[in-house]
Structures are given as structure tokens and as C-alpha cells.
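See structure below.
Each chain gets a letter, A, B and so on, in the order its sequence line appears, and its residues count up from 1. Values reported hereafter were calculated over all heavy atoms of this structure, with side chains retained and with hydrogens, waters and symmetry mates removed.
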Amino acid sequence: MTYTYLELEHMSQDEHAPFRENIPAYAIGALDVEDITTLESHLKTCAICQAELAEYRSVTIGLLQSAPPKVPSPELRRRLAARLPKHQPQTRNAVFSFLSQFSIRQLATAAIIAILLASNLHSNLQLRDLKQQQAILAERLSSEQKALALLAYPETQTLAVNANIKELTGSMLVDKAQNTAVLFLWHLPQLENTKTYQAWLVDATGDRISGGLFNASSDQDYTTVTIQSPVPMNNFIRIGVTIEPQGGSQKPTGPRVLTVNL
Amino acid sequence: MTGIDDNKLISQVALGDENAFMAIYDHYASRVHGLTLRILGNDMLAEEATQDTFLKLWSRARQYLAEQGPLLPWLLTIARHVALDRLRLETRRPTLSDSNDPDNAWQTIPDLETLSDESRWRSMYFAVQTLHPDQRKVIELAYYQGMSQSEIADVLGWPLGTVKTRLRAAMEKLRETWNET
């Protein structure tokens with residue numbers, strides 16, 4: 001961050017002076033090594049000192065050019081001409097040497113192809129992201145439509161969510177005739193990428209089957225989850241949610257997040 | 001010589017054109033030699049440094065970027081580095097870390113568009129001559145001998161604080177002169 005002149009007006013002279021007094025010596029190359037690092041750190045953030053340094057560096061260029069001209073001996077010119085390598089040394093790096101064997105047209109064509117490929121790759125990545133977002137939105141829309149449908153159905157029950165996480169609240173709509181339940185969960189925490197939430201349908205003997213995997217909504221405070229039971233919902237006495245490794249588990253292995261008694 | 005001529009010549013040098021190289025030498029050799037002589041104080045050593053400077057120009061011509069400024073300050077910055085290196089070698093003083101690479105010349109050349117007016121650097125020469133002798137000594141040792149403030153204090157037997165004060169005062173006077181011209 002570089003301070004503006006306005007901000008620097010608030011910097012007291014005492015704070016600023018130790019740096020400013022070293023600028024002339026720094027510009028002329030005479031500042032001692034132990035003071036250089038401190039001043040260079042300050043210069044990175046101080047517009048006033050940068051401007052002052054630029055002025056003093058102009059002075060050093062004046063000094064550079066102020067030496068009276070002196071014509072060297074004619075012999076130096078001859079020596080110099082004799083010492084010139086016959087071919088201009090290739091001082092550029094290997095990349096430059098490699099590139100120099102191609103014509104400008106070839107290099108331009110290669111550059112255009114590279115730009116097109118990069119552009120295509122970028123577009124594909126954007127398309128993939130859009131498809132992912134579209135799938136998430138479609139899934140959410142489906143859940144919310146089911147929830148609305150359940151709300152309108154006379155047999156639908158509303159059940160309380162017993163949360164094991166602080167601030168997590170919610171309720172569940174259940175239509176046992178349709179073997180469908182929709183969870184409404186507020187303030188469900190986001191999980192790291194390696195974890196997922198998994199719903200479980202629990203029967204009277206304690207046996208469980210998976211009710212599906214889901215993640216917390218990232219752009220709104222509540223999450224809706226539709227649980228479709230493959231067998232009659234009346235077989236179950238409870239629905240639970242645990243945290244499991246990404247991809248889900250055969251049986252609960254992680255901490256319990258909530259339960260709903262059916 | 002105009003900047004346009006310099007640019008054309010240096011681009012020809014980058015392609016290995018010896019005639020273009022010698023044209024630059026003929027135009028600027030006295031300026032380079034004047035600086036190396038001022039730093040080294042010995043004509044033979046100064047000619048060697050002048051020669052090394054132009055050999056660096058020959059080998060590094062591709063690195064010259066016209067948009068970063070005129071050729072002369074770049075060439076003189078290289079000459080100063082070469083001469084100070086030689087001086088340190090002769091006097092067994094340590095070499096500065098940045099002294100070998102002509103690329104570093106760009107980092108120390110500011111505001112190049114204002115530097116083409118030769119009357120300004122001539123006035124700078126007279127400004128140095130009219131400094132108080134103690135201040136002039138400090139400037140000479142710092143810029144033309146490449147000494148740090150501590151080295152100057154050792155050489156002159158002055159307290160370090162005195163060196164710092166005199167250097168600051170001298171630079172401030174030179175800055176005023178530079179801004180007035």
C-alpha cells in the first residue's frame with residue numbers, strides 16, 4: 001500500500017525525518033548497507049519520499065554527464081575495432097535463440113493459435129461452471145416445488161427438527177402416503193470439500209437406509225432437502241442426518257447433526 | 001545527434017553492424033572517456049575502462065530500450081560502473097553488488113526526457129566546482145569514487161555524522177541548481 005500525500009500529511013516530521021535524511025545518500029549510492037533495507041522498505045509505501053528520491057536521482061544523472069569530455073587516443077579506436085567479435089554475441093537466453101529461428105509470420109501464427117486455444121479452454125471452463133450452477137439451481141427448485149406441493153396437501157405433517165448444532169433450526173414436512181419428506185434447515189454450516197451431509201431413515205429396530213446426500217446452501221440462509229423413501233415411510237420411526245466423507249457411507253460414521261421423530 | 005539517430009544506430013548495432021557501432025563510438029567516446037578519466041584519474045586505466053564500456057555496448061545492444069530514454073545516460077551509467085569496478089580492483093576495495101550489470105542502469109536513470117539539454121549538465125559541473133570544498137570532497141568520493149558514507153568518514157577522518165550532514169547539504173545545493181536550470 002502506498003500512502004497518498006493527504007495521508008502523509010498526518011505523518012509527523014519526527015516519523016518521516018529519519019528516512020528523508022538518508023535519501024540524498026541513497027540516490028548517490030553512498031548510503032551504508034545497513035541503512036539501505038530500512039529506507040527501501042519505507043520508499044515502497046511513501047509517495048513523498050519516492051518523489052524526493054526521483055529528484056535526487058536526476059541530480060546524479062546531472063553529475064554523470066558533468067564530467068568534461070576528453071577525446072581518447074586514436075589507438076583506442078583501432079584496438080576496439082580489432083576486438084569486436086565478428087558476429088554479434090548471442091546474449092539472449094535459450095528461449096530467444098529458439099524463437100529467433102522462426103519468421104515473424106510463423107511466430108504471429110503460433111501466438112494466435114495459442115491465444116485461441118487458451119480462449120477455448122477458458123470458455124469450456126466457464127461453461128462447465130455454468131452447468132454445475134444450473135444443476136444446483138434445478139435441484140433446489142425441485143426441492144422447493146415439492147415443499148410447496150406438500151404444504152398444500154391436507155395429509156402433510158409438520159415435524160420439529162432436533163438439532164445437535166448450535167443455531168441450527170428447522171422443520172420437516174412429511175407426506176407418508178407419498179413416501180416423501182422435505183427438510184427446511186436454517187443456518188446449516190458449510191462443510192469442507194471432503195465432507196457431505198447424509199440423511200438416514202431409521203426403523204424401529206435401529207436399522208438404517210440412506211436417504212441421500214446433500215450440501216448446505218451457499219447463497220442463502222436456509223437449505224431445503226427432499227428425502228424420497230424407496231419403501232413405505234411408515235416403516236421408519238426417525239430421520240437423522242450425519243456428516244460423512246464425500247460420496248457418502250454405508251452406515252453412519254460421522255457426528256450426528258439432527259434428528260426428526262416420525 | 002538526435003534520439004532518432006541513436007535509436008536507429010543502436011538497433012543496427014544489435015544486428016551486428018560494426019559501422020553503426022563505430023559511429024556511436026565516434027560521437028560518444030569523448031563523453032565516456034571524460035567520465036572514466038574523472039573516476040580513475042589515469043589515462044591508461046581510463047582508456048581500458050572506455051574500451052570495456054563500448055564492448056559492453058556491443059554485446060548488450062539488444063537490451064537497450066529506446067522508450068526508456070536516451071542512449072547517452074545509459075552508456076555513461078555503464079561507464080561509471082565499469083570504471084568504479086576497475087577502481088575497486090586497483091584499490092582492493094570491495095565490489096558493489098550492482099556494479100556489473102548494465103541492466104541496472106535503467107533502474108537509476110530517472111526522468112530521461114529532461115536530460116537532453118546539455119546546458120543543464122554543464123551547469124551541474126560548475127555547481128559542483130562552486131560547492132564548499134568540504135562538501136565537494138564528499139560528492140567526489142561518493143559519486144566518482146563509489147564510496148559509502150562510512151568509507152568517506154574513514155578516508156577523511158571525519159565523524160560519520162559530519163559526512164552525512166555535508167553530503168546532504170551538498171546534494172540539496174546541487175538539486176537546487178538542477179531544478180533552476
Side-chain angles (χ1 to χ4, degrees), chain A residues 17-36 39-40 43 50-93 96-97 100, chain B residues 13-16 18 21-22 25-26 29-31 33-35 37-38 43 46-47 50-51 54-55 58-63 72-73 76-77 80 96 108-112 114-115 118 120-122 124-125 128 139 142-144 146-150 152 164 167-168 170-172 174-175 178-179:
Chain A
F19 302 110
R20 292 185 77 170
E21 69 181 16
N22 280 336
I23 289 175
Y26 180 70
I28 204 172
L31 191 62
D32 285 298
V33 176
E34 57 268 27
D35 295 325
I36 288 176
L39 178 59
E40 286 181 343
L43 282 167
Q50 287 170 13
E52 191 153 318
L53 176 62
E55 280 204 33
Y56 279 114
R57 277 193 164 155
S58 294
V59 172
T60 65
I61 295 301
L63 289 171
L64 191 67
Q65 299 187 85
S66 69
K70 172 79 164 55
V71 178
S73 69
E75 178 59 26
L76 177 60
R77 193 181 193 281
R78 283 193 290 274
R79 274 205 317 268
L80 191 60
R83 287 196 57 181
L84 285 184
K86 286 301 170 193
H87 301 288
Q88 176 78 353
Q90 297 297 308
T91 56
R92 290 286 175 99
N93 58 30
F96 181 84
S97 302
S100 63
Chain B
V13 172
L15 296 171
E18 291 185 20
F21 174 79
M22 295 315 297
Y25 174 85
D26 289 340
S30 63
R31 301 296 305 278
H33 190 57
L35 179 62
L37 184 61
R38 178 154 191 189
D43 208 48
E47 283 207 352
T50 300
Q51 177 180 283
F54 279 97
L55 286 173
W58 172 254
S59 64
R60 307 288 183 99
R62 284 199 183 107
Q63 294 173 5
L72 180 60
L76 290 176
T77 303
R80 178 173 176 262
L96 293 180
T108 56
I109 300 176
D111 197 17
L112 291 162
T114 65
L115 300 174
E118 292 200 353
R120 294 190 79 195
W121 59 259
R122 285 180 195 280
M124 180 63 78
Y125 171 78
V128 172
I139 292 294
Y143 199 63
Y144 298 110
M147 290 186 185
S148 68
Q149 293 180 122
S150 296
I152 295 169
K164 289 181 175 180
L167 188 142
R168 274 200 304 276
M171 286 293 282
E172 180 53 35
L174 294 178
R175 183 170 77 156
W178 185 252
N179 288 337

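- Between chain B and the residues Pro69(A), Ser73(A), Ala30(A), Ala25(A), the most heavy-atom pairs under 4.5 angstrom are made by Ala30(A).
- Rounding to the nearest 0.5 Å gives a distance of 8.0 Å between CH2 of Trp178(B) and CD1 of Ile61(A).
- Rounded to the nearest 0.5 Å, atoms CG (Leu72(B)) and CG (Leu64(A)) are 7.5 Å apart.
- For the pair Leu174(B)/Tyr56(A), no side-chain contact is recorded, criterion being any heavy-atom separation below 4.5 Å from C-beta on.
- One distance of note links CG of Leu80(A) with CH2 of Trp58(B); it measures 10.0 Å at 0.5 Å rounding.
- Between the NZ atom of Lys70(A) and the CD atom of Glu47(B) there is a distance of 7.5 Å, given to the nearest 0.5 Å.
- Arg38(B) touches chain A through its side chain: at least one heavy atom from C-beta onward sits under 4.5 Å away, while N, CA, C and O do not.
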Derivation and outcome, side-chain contact (heavy atoms from CB on, under 4.5 Å), residues Val71(A) and His33(B): CA-CA 7 Å; Val71(A) 178; His33(B) 190 57; over 6 Å; no
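- The closest side-chain heavy-atom distance from Leu167(B) to Pro24(A) is below 4.5 Å.
- Gln51(B) contributes atom CD, which lies 5.0 Å from atom CZ of Arg79(A) (distance to the nearest 0.5 angstrom).
- Glu21(A) is not listed as a side-chain neighbour of Lys164(B), based on a closest heavy-atom distance of 4.5 Å or more.
- Ser66(A) approaches Tyr144(B) most closely through the heavy-atom pair OG-OH, 3.2 Å.
- The candidate from Met22(B), Arg168(B), Arg80(B), Arg175(B) with the greatest count of non-hydrogen atom pairs under 4.5 Å with chain A is Arg175(B).
- Rounded to the nearest 0.5 angstrom, Asp35(A) CG and Ser148(B) OG are separated by 10.0 Å.
- Between Tyr25(B) and Leu76(A) the shortest side-chain heavy-atom distance falls below 4.5 Å.
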